[in-house]
Colleague: 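Quick one: the structure is below, and I'll ask about it shortly.
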Amino acid sequence: MQQHDMLRMANQIAAFFNGSGPELAVKDAAEHINKFWDPHMRAALVAHLDKGGEGLDPTIVKAAGLIRRPKTVNA
Amino acid sequence: MTLIKETDYGTPQAASEKMVTLEIDGQQITVPEGTSIMRAAMELGTKVPKLCATDMLDAFGSCRLCLVEIEGRKGTPASCTTPVAPCIKVRTQTDRLARLRRGVMELYISDHPLDCLTCAANGDCELQDMAGAVGLREVRYGYEGDNHVFRNRADGSRNIRWQPKDDSNPYFTFDPAKCIVCSRCVRACEEVQGTFALTIDGRGFDSHVSAGMDEGFLDSECVSCGACVQACPTATLTEKSVIGMGQPEHSVVTTCAYCGVGCSFKAEMKGDQVVRMVPYKDGGANEGHSCVKGRFAWGYTTHKDRITSPMIRERITDPWREVSWDEAIGHAAARFRAIQEKYGRTSIGGITSSRCTNEEVFAVQKMIRAAFRNNNVDTCARVCHSPTGYGLSRTFGTSAGTQDFRSVDEADVLLLIGANPTDAHPVFGSRMKRRIRAGAKLIVADPRKIDLVETAHVKAAHHLQLRPGTNVAVINALAHVIMTEGLEKRDYIRERCDAAEFARWEAFIREERNSPEALEPVTGVPAAEVRAAARLFATGGNGAIYYGLGVTEHSQGSTMVMGMANLAMATGNVGRNGVGVNPLRGQNNVQGSCDMGSFPHEFSGYRHVGDDTVRRMFETVWRTALDGEPGLRIPNMFDAAIEGSYKGLFVQGEDIAQSDPNTRHVDRALESMECVVVQDLFLNETAAFAHVFLPGTSFLEKDGTFTNAERRINRVRMVKAPLQGKHEWQAVAELATAMGYPMHYNDASEIMDEIAALTPTFAGVSFEKLDLLGSIQWPCNDRAPEGTPLMHIGGFVRGPGRFVVTEFVPTEERTSRSFPLILTTGRILSQYNVGAQTRRTANVAWHTEDLLDIHPHDAELRGIEDGAMVSVSSRVGATTLRARISDRMPQGVVYTTFHHPVSGANVITTENSDWATNCPEYKVTAVQVSLSNQPSGWRREWEEREEENKRIAPMVAAE
């Protein structure tokens, strides 16, 4: 997954959930990513968040702690 | 096995609940009020002779053969047009009636050829049967006089009444010399199909059937649905296959493998050869109707291009080498295992097919989860209706469409969004037209002026001709009007929906920025039109929403599905007949492939892989540990392949290299894989990148089930043995076994039993029950042992219905000075999706190439004339197509189909996708169109690959 695709997809998710207000948005966006993104994609997102999450919607940045970190990606 | 002949009751069933008792030939019978005497007699087993009557059509009363006598009434009324009445005494056979009928038949036969022995309808001719039934023994009038039978008159001069046979339609002929002018074909075209292509021209002895303005069938408005051929009682309209082969001797009831309507057909056979496919009257989805694809376009199943031997090759530029099944499966297993050893467990995966049976799909996803040991399984629903699953689950608690097709008969207002049923779901389209002719109102929301906006005896009350990509704005505006004008159903909402979620949504939707006036500059739809449509939908009686890929294939596809669910809940339109949110699914088994656990995050029955209880149940039955993490979706697989972490793919009956967006991106992903296994009928576009080819079976060779758009599980019965000697699920089980996970089934019914055991919504389903009931709509379990035609009665599956805030977020795909037009794609009636099947049938008579539809103004601005070659380019690619100037298009929007690989429609479409499901945004691509005098680079590339990557090495004789 290219960086700009990841940013686009994550920000699209945030844009939808932002409609229901900031509090719910953080929880729902994290839940959505946990439910639908495979461990590789989550790992890439978490790595980017760990570096500050440049280019990501604030909702995703705030959701960082709620996004499940994959244990081992490819055992 | 015998030839199945459904009983023809002569006239349609009456709907009344009031019963009437009468006496026919001394026997008492009780039938619903409004039933014809003819039908009542047939229910007693008495066949009143008839020619112009058949129970698919309203009574007409023209042939005068079905006369009866009623005690106390004068004359001999026609039993088809005379309704039953209490206590009347009817006689269907008396000397007088016999004499009259013989007289009528004598007149018919006096203008009909007597070539019965060599006639194509011999053995299946109602005229012949009736001549026998009435005891016709002579024809006193001779053939010398005026007639339609002979080319020349007795004196050698030309007979101006005689017309030659019309064989312009590729599938059937029209021979006017054999016509008895019973009008059944004309009425079938009107009442059943709703096209009105046929008429009776002239008067008296001059009367004759005319297609269009006395044109050939192919040149007329005829859509070749076959309803007229089915209705014809003589050889006038006859399938060419019957003319060529003779009458069938046995038949098998099975299910069509084209669109999501899922029509039931009788495959009428001679030995193992199909003579014709005839729509089955007892089929729940189609009730005896069909379209040109299901009825006629099955010739691909024996096309010379079909591959029947397994093949392998080292590199995709090598020629294919035919090998044994064992070698091919062993080779695939060894390659996949080697990839996993080198790149890790999650470096391989697969894609299941919406064209295959539930059993075949279940086997593939099981192989991936249990033998590949990961959840990298997805299905082509990803690129069509995945937003439906997400959106309806979130609002109603289940991804299921809410109604059966029959429900439309009780709808008063139809809101049709982003769907073109007369082309893409033709049999349901006919049903819709019938309901609209009977008085229901229609609102169409579509950028294009689709047929239903205005066609014979159908006119939409409102056409909301929105700009592509603004669906959510339009649905919000409709809901805004309803909520601010107090048209919502408060009681319904209070009783059935979550109050807090509703309050949040209500506050949002009432905001002025969601008003039709505020959104008009975005949507392009006049605010007054939106207001009028909203009022009609909210107050016009039962409101039913029908939608297709024009809703889902957008960056806000899932949002739009939830927007429609909001609208249905706000107006109280879920949970009874005549209403609902109805996805028109694209492919025959797209519903089934989703149900069967084809999504990377879900087991069968839509249960998340991370749910420990569910996963343990599967682990117990499958006797292996399963991964609890979601796998890759199709677009994610391509991205991972290009990145280098995804190296092996099993593709079951899907042509991703043609059907998925941004073709070059897909090609690059496929090229970077080390093992691609394709299971298909033909060397399709994806096979050009494959290393192993496992030949598949056509629907005529399959044994299993398909599930249609109304959740109806239909049996697919084996009409003939698999051409390549193996069921597809057998090959899959053998591959899983070769990978180290033993998998074995004795037959397809064992797979269904496993599905039922593991999937609560299928708990009561078995082949045995399906054979008994004909079809079953899931959920089918202890609470609903015969299935569930209608969902959410009395309350929603999830508990309280959930309103969801649907903020309109414009797509990032915008027009600009470089790309000022919007391209949208779709399909047409005669061709089907990537065309792998329909291109290999005579359906090419209607559509030989993909065309670019363009508005006259946009064309003029660019100097484009009708038929000119034009280049269509987007930021990702370009191709060349022939332009067709069309007033169906709004200014600024162009349209094409993707039925021919050489057109490369998906070379232009982009990587944009739905926010929730990654369903590609096929419907919005910014493009430029300009005149071109040379084929595109894509075409040259495609032609080269077609030549190079699809070579099969000649067989070398064994020593």
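Chain letters run A, B, ... following the sequence lines, proteins first, then strands; residues in each count from 1.
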Colleague: Between B:Met562 and chain A, with a heavy-atom cut-off of 4.5 Å, which part of the residue counts as in contact: side chain, backbone, both or neither?
Modeller: side chain
Colleague: CG/B:Leu632 to CH2/A:Trp37 distance, rounded to the nearest 0.5 angstrom?
Modeller: 12.0 Å
Colleague: Can you name the nearest heavy-atom pair linking A:Pro39 to B:Pro630, along with the distance?
Modeller: CD-O, 3.3 Å
Colleague: Hey, could you give me the CG/CD distance between A:Asp5 and B:Glu643, rounded to the nearest 0.5 Å?
Modeller: 10.5 Å
Colleague: How many angstroms lie between atom CG of B:Asn375 and atom CG of A:Asp38, to the nearest 0.5 angstrom?
Modeller: 10.0 Å
Colleague: Could you go through the ring-ring contact (aromatic ring centres under 6.0 Å, His included) check for A:Phe36 and B:His608 one step at a time?
Modeller: CA-CA 10 Å; A:Phe36 296 104; B:His608 200 273; 7.1 Å; no
Colleague: Taking side chain as C-beta onward, heavy atoms only, is A:Gln2 less than 4.5 Å from B:Asp639?
Modeller: no
Colleague: Within a strict 4.5 Å, meaning less than it, do heavy atoms of the A:Phe16 and B:Val809 side chains meet?
Modeller: no
Colleague: Do you know which of B:Arg504, B:Glu911, B:Arg633 has the most heavy-atom pairs under 4.5 Å to chain A?
Modeller: B:Arg633
Colleague: With distance as the sole criterion, is a donor-acceptor pair present between the side chains of B:Ser645 and A:His40 under 3.5 Å?
Modeller: no
Colleague: Pick from B:Ile642, B:Asp627, B:Asn374, B:Asn636: which one has the most heavy-atom pairs with chain A under 4.5 Å?
Modeller: B:Asn636
Colleague: Measuring heavy-atom distances to chain B, does A:Leu24 have an atom under 4.5 Å in its side chain, in its backbone, in both, or in neither?
Modeller: side chain
Colleague: Which answer fits B:Tyr390, side chain, backbone, both or neither, if we ask what part of it has an atom under 4.5 Å from a heavy atom of chain A?
Modeller: side chain
Colleague: Atom NE2 of A:His32 and atom CH2 of B:Trp915: how far apart are they, to the nearest 0.5 Å?
Modeller: 5.0 Å
Colleague: Could you look at B:Val609 and say if it's the side chain, the backbone, both or neither that has a heavy atom under 4.5 Å from chain A?
Modeller: neither
Colleague: Is A:Asn34 close to chain B through its backbone or its side chain, or both, or neither, when contacts mean heavy atoms under 4.5 Å?
Modeller: backbone
Colleague: Which atoms of B:Ser555 come close to chain A, meaning under 4.5 Å heavy atom to heavy atom: side chain ones, backbone ones, both, or neither?
Modeller: both
Colleague: As an exercise: rank B:Glu807, B:Glu629, B:Glu602 by heavy-atom pairs under 4.5 Å with chain A and give me the winner.
Modeller: B:Glu629
Colleague: Using the rule given for side-chain contact (heavy atoms from CB on, under 4.5 Å), can you reason through B:Glu501 versus A:Ser20, listing the C-alpha separation, both sets of side-chain angles and the distance that settles it, and then say yes or no?
Modeller: CA-CA 9 Å; B:Glu501 305 274 10; A:Ser20 322; over 6 Å; no
Colleague: Looking at B:Asn912, B:Thr917, B:Asp914, which makes the most heavy-atom pairs under 4.5 Å with chain A?
Modeller: B:Asn912
Colleague: Mark yes or no for whether A:Gln12, through its side chain, and B:Thr811, through its backbone, hold a donor-acceptor pair below 3.5 Å.
Modeller: no
